[in-house]
2 protein chains.
Amino acid sequence: MTVTLADVAARAQVSPATVSRVLNGNYPVAASTRERVLRAVDDLDYVLNGPASSLAAATSDLVGILVNDIADPFFGIMAAAIQSEIGGPGGRAGGERLGVVCNTGGSPERELTYLTLLQRQRAAAVVLTGGAVEDAPHAAAVAAKLRKLGDAGTQVVLCGRPPAPDAPEAIALTFDNRGGGQQLTEHLIGLGHRRLGYIAGPEERTTTRHRLEGHRAALAAHDIEDDPRRTVHGRYDRRAGYEATLELLRRDPSLTAVVAANDTVALGACAALREAGLRIPDDVSVAGFDDLPFSIDAVPALTTVRLPLSEAGARAGRIAMGREEPPPGGIATVRGELMVRGSTGVPRV
Amino acid sequence: MTVTLADVAARAQVSPATVSRVLNGNYPVAASTRERVLRAVDDLDYVLNGPASSLAAATSDLVGILVNDIADPFFGIMAAAIQSEIGGPGGRAGGERLGVVCNTGGSPERELTYLTLLQRQRAAAVVLTGGAVEDAPHAAAVAAKLRKLGDAGTQVVLCGRPPAPDAPEAIALTFDNRGGGQQLTEHLIGLGHRRLGYIAGPEERTTTRHRLEGHRAALAAHDIEDDPRRTVHGRYDRRAGYEATLELLRRDPSLTAVVAANDTVALGACAALREAGLRIPDDVSVAGFDDLPFSIDAVPALTTVRLPLSEAGARAGRIAMGREEPPPGGIATVRGELMVRGSTGVPRV
DNA sequence: CTGTTAGCGCGTTCAG
DNA sequence: CTGAACGCGCTAACAG
């Protein structure tokens, strides 16, 4: 029923081995023979059997990309960049690699499941994006998996995620969330703000912690008390931003600025402030993080920290493919850039 | 080096076949035996070899999800919903399926490449999302691929894409883009608008064409001339919306409404109007399509057509997994819902 | 319920 | 540069 390598070989009047060689392009084959084989492939509409080929070669053309939330452009942009470097020639068997993105939904279990699935498939490489969950047992489980993947020859790259000390073979491209958070809050303090609310992401996430640490460092540097009542945790979505802002306002109506964990959350914060009859930035300044495409369209445009998501993703993809030298020590820090726009201004008097 | 099924069998003192049976859970196995096998699996830290298993079983646990733009939440939301129905038990081999999303970037070649790669992997199912490119040769090539996939036992589902007449085995969940577009423009006409600009998506895309057809149908129903100068094509991103709006304004400064191909484009349109000193909706009304999460945060909130992306995706996922009956005739139309919000109002006098 | 026996389709030695 | 032979690790009959 289904046409196999042998069928192609028969039609091209060569041995199966030769067909395999032209398909993989790893061995010298006479031009005329190659020609004949390729024609046979075309005539028969032959498609290589991936599993068989992976079994024999003990490696596959699959490259996994793990994201926390595929509906969030933050991950979408990185995933697109990574995948763009993975597709195209370079793999075995006709030269196309299959870059696939897996959505963990931020769930530790699903993260491990996907890692196992990818291990089962003997993936050529795996790229993990975004913040990690800090729960110790889970972190250890992930590190163990990464080590095993590495041992099995799978290249592991972390993109926008802190290095995993227990899995040293994983190359890490880390975002400087701490520095970015600090810059942002410094900017607000510089404008004169002293009562700043902070909407943090989910607890137990590295991204959340680092951004918050940056914020606190800035406060500390300017002798501003870090009132715990001015920090609220929530998910990385607009609704969390909306509700957290209402809560912050309830706790302290005299706030003059709200710093959000990311741009999406900031959007929710803006909505809440508007509904409360507060003007941005006249009454309350708002700042986000990431500089996603829609941030510039907010009204007023969002002050935020731009992260080079595309560039970092592309680099991670290239490293995963072995087409770029890993950074020295296997770790590189990618900095953000403060984008000052209309949503922040001097505090009301 | 790497531990195989045989190693597990030896340790559990059973035959390899038995190990396979407990792992796949397809055959009855005595509880005590199963216990012993599972312990051995655990002790040895055994992970099934996917390629080997797929080769022997002539099918894999891979399910492909094709999207046009993974950085666009429109696709992200659908992909997340599809993937959520795919993961989890149900497949062979320990019961986890690997749902993977592939980003075509809207490129016909990459679409075909991914389809071939998925065919090569003997994917269990493939879900294609979003509008199709209408170029005839390409459409034929895709249809041919889909037919071949179907013949090879791969379940093919179209989600948010029109049916492919040449590939009848593909189940289609289609969005009523035409009806939605018509509703939207009817709403504007009902408010009193007569000079409406339309920012269409890329040409040769089914989504673009259907939405535009709906718009035109509404105009025709109210005897409003369809001036071709009032329609501009562009990509599905904010920049295209921004530039197209400037162009529309240049061609006809007396426009009272702008209908955009989708919400992202509408956001760009809003930005352009604001910069031109025009108020929304007092001077110009704006409408989008899709009702993505950020649309409600636009200022003013965007009037748009809500598409049940999550629901449709989940359903597509279930159908792909054989867990839900396909619609009669293999085709179902999913309607949108008009969401009237602040960005549309009566035209200025 | 369990063991035995054959392949699944291809990559890769080794000769020639 | 090309062919022959072997085995990758697992599943699917077939017996028992």
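By convention in this document, chain letters (A, B, ...) are assigned in the order of the sequence lines, proteins followed by strands, and residues within each chain are numbered from 1.
- Of the candidate nucleotides C:dC8, C:dC10, D:dA12, C:dC10 has the atom lying nearest to any side-chain atom of A:A56.
- Within the structure, every side-chain polar atom (N or O) of B:N49 is placed at least 4.0 Å from both OP1 and OP2 of D:dC8.
- For the pair A:N24 CG and C:dG9 P, the interatomic distance rounds to 17 Å; values are reported in whole Å.
- Take B:D42 and apply the side chain to side chain donor-acceptor pair (under 3.5 Å) test, not counting sequence neighbours, and it matches no residue.
- Rounding to whole angstrom units, CG of residue B:L48 and P of D:dC8 are separated by 16 Å.
- Across the protein-nucleic acid pair, A:D61 atom CG and C:dC10 atom C1' stand 13 Å apart, rounded to whole Å.
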Any N/O pairs under 3.5 Å between the protein and nucleotides 1-5 of chain D? List them or say none.
| from | atom 1 | to | atom 2 | distance (Å) |
| --- | --- | --- | --- | --- |
| D:dT2 | OP1 | A:T33 | OG1 | 2.4 |
| D:dT2 | OP2 | A:A30 | N | 2.8 |
| D:dG3 | OP2 | A:S15 | N | 3.0 |
| D:dG3 | OP2 | A:S15 | OG | 3.4 |
| D:dG3 | OP2 | A:T18 | OG1 | 2.8 |
| D:dG3 | N7 | A:R21 | NH2 | 2.6 |
| D:dG3 | O6 | A:R21 | NH1 | 3.3 |
| D:dG3 | O6 | A:R21 | NH2 | 3.4 |

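- Applying the salt bridge (charged side-chain N to carboxylate O under 4.0 Å, His left out) criterion to A:D43, with sequence neighbours excluded, gives A:R11.
- Remark: B:R122 engages no residue in a side chain to side chain donor-acceptor pair (under 3.5 Å) (not counting sequence neighbours).
- For B:K145, the salt bridge (charged side-chain N to carboxylate O under 4.0 Å, His left out) test picks out no residue, with sequence neighbours left out.
- As rounded to whole Å, 6 Å separates atom C1' of C:dG9 from atom CG of B:L55.
- If you take CZ of A:R122 and P of D:dC8, they are 14 Å apart, rounded to a whole angstrom.
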Worksheet entry | Test log, rule side-chain contact (heavy atoms from CB on, under 4.5 Å), inputs A:F75 and A:N68 | CA-CA 7 Å; A:F75 291 99; A:N68 287 335; 3.4 Å; yes
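- The salt bridge (charged side-chain N to carboxylate O under 4.0 Å, His left out) test applied to A:E109 returns no partner, not counting sequence neighbours.
- As judged by a 4.0 angstrom heavy-atom cut-off over every strand, A:L5 is placed among residues touching the sugar-phosphate backbone only.
- Contact annotation: B:T4 does not reach the phosphate of D:dG9 (side-chain N/O to OP1 or OP2, under 4.0 Å).
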